Chemist: 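Pasting a structure below so you can have a look.
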Amino acid sequence: MNPDADFKSDLLAAIPALRAFAASLCGRVEWSDDLVQETLVKAWANRNSFEPGSRMQAWLFTILRNEYYSEYRRRRHEVADPEGRIAARLTTHPAQDSHVAFREFQTALFKLPPIHREALILVGASGFSYEQAAAICNCAIGTMKSRVARARSKLGQLLPLEAHGTAGADEAIENIGQLVTAGADRGGGDC
Amino acid sequence: MMNRSDQSALGTEARKTSSLGPELQAHIGRQLRSLYDEVLKEQVPDHLRELLAELENKSSGS
């Protein structure tokens, strides 16, 4: 295999995570597709600066978020996902109640400053440690921890009161919140 | 004040936010993951596959 072919297949493998990050970061379907496309082009152009063996996903996420913030300055006046198209295409929320809760969650999430939203996504959904998330965002680990904490507490204020009780409902609880907390302890201990 | 305590109490950050309540934390975690995972499990769109093929071809041609 030549290096370009290897690089290409690594990029291909990273696309689903890039798309998920972009969609939850910017909340607008077209924009997130553009972001992923730009990221791939930039990554390709800079493929010689990627150090094999380092974590490609983190490298790509860094590129994507840089793209996002340079675009964000131009697009900040646009409303995130005005028609709820991300929610509309989702299929995992057949029950009306949980669909409503999900829409409410999205509305709240996209009210957060992007710097807080990305912190929450990287640590709470992408599975990065605080250390890795801090490296992606080019900030100190302590800054990352405080961003995540603020994001969660702000979300808590933005969510309607009934959301505070839904986790205790009939359905089995995966308790991702605890995973996030465990991630916090791990991030603090390893570094 | 807030910043100073953030800096000095990193280890207790997670515990501090548990004032949100475990149910709400779990709710946030679940919703966040469903938003993320739903896109994560989608097929790679054709236009992105084609883009990669194009980038590779251009490079090998030059």
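By convention in this document, chain letters (A, B, ...) are assigned in the order of the sequence lines, proteins followed by strands, and residues within each chain are numbered from 1. Fair warning: this is a prediction, and the values are worked out from it, not measured in the lab.
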Chemist: Show your reasoning for whether side-chain contact (heavy atoms from CB on, under 4.5 Å) applies to A:L155 and B:L20.
Modeler: CA-CA 10 Å; A:L155 265 188; B:L20 271 187; over 6 Å; no
Chemist: From B:Y36 OH over to A:L120 CG, what is the distance, rounded to the nearest 0.5 angstrom?
Modeler: 12.5 Å
Chemist: Can you give me the closest heavy-atom contact between A:G156 and B:L24, atom names plus distance?
Modeler: CA-CD2, 3.6 Å
Chemist: Quick one, B:L51 with A:W44, criterion side-chain contact (heavy atoms from CB on, under 4.5 Å). Give me CA distance, side-chain angles, the key distance, then yes/no.
Modeler: CA-CA 11 Å; B:L51 172 70; A:W44 189 269; over 6 Å; no
Chemist: B:L48 vs A:Q37, test: side-chain contact (heavy atoms from CB on, under 4.5 Å). Steps then yes/no.
Modeler: CA-CA 7 Å; B:L48 294 179; A:Q37 198 164 317; 4.3 Å; yes
Chemist: Which atoms of A:L40 come close to chain B, meaning under 4.5 Å heavy atom to heavy atom: side chain ones, backbone ones, both, or neither?
Modeler: both
Chemist: Quick check on A:L12 against chain B: is it the side chain, the backbone, both or neither that has a heavy atom closer than 4.5 Å?
Modeler: both
Chemist: For A:A5 and B:E56, which heavy atoms make the closest approach, and how far apart are they?
Modeler: CA-OE2, 3.4 Å
Chemist: Determine whether A:L109 and B:Q31 satisfy the following criterion, side-chain contact (heavy atoms from CB on, under 4.5 Å), listing intermediate values before the conclusion.
Modeler: CA-CA 10 Å; A:L109 181 69; B:Q31 298 287 12; over 6 Å; no
Chemist: Roughly how far, to the nearest 0.5 Å, is CG of B:L35 from CD of A:Q106?
Modeler: 5.0 Å
Chemist: Tell me, out of B:V44, B:I28, B:L32, who's got the most heavy-atom pairs with chain A below 4.5 Å.
Modeler: B:L32
Chemist: Using a cut-off of under 4.5 Å for heavy-atom pairs, which of A:A17, A:A22, A:A108, A:A140 has the most such pairs with chain B?
Modeler: A:A17
Chemist: Report yes if some heavy atom in the side chain of B:Q43 is under 4.5 Å from a heavy atom in the side chain of A:P16; otherwise report no.
Modeler: no
Chemist: Which heavy atom in A:L159 sits nearest to a heavy atom in B:H27, and how many Å separate them?
Modeler: CD1-CD2, 3.9 Å
Chemist: I want to check something: taking the side chain as every heavy atom from C-beta on, are A:F21 and B:V39 in contact at a cut-off of under 4.5 Å?
Modeler: no
Chemist: Provide the closest heavy-atom pair for A:A125 versus B:R33 in the form atom of the first, atom of the second, distance.
Modeler: O-NH1, 3.1 Å
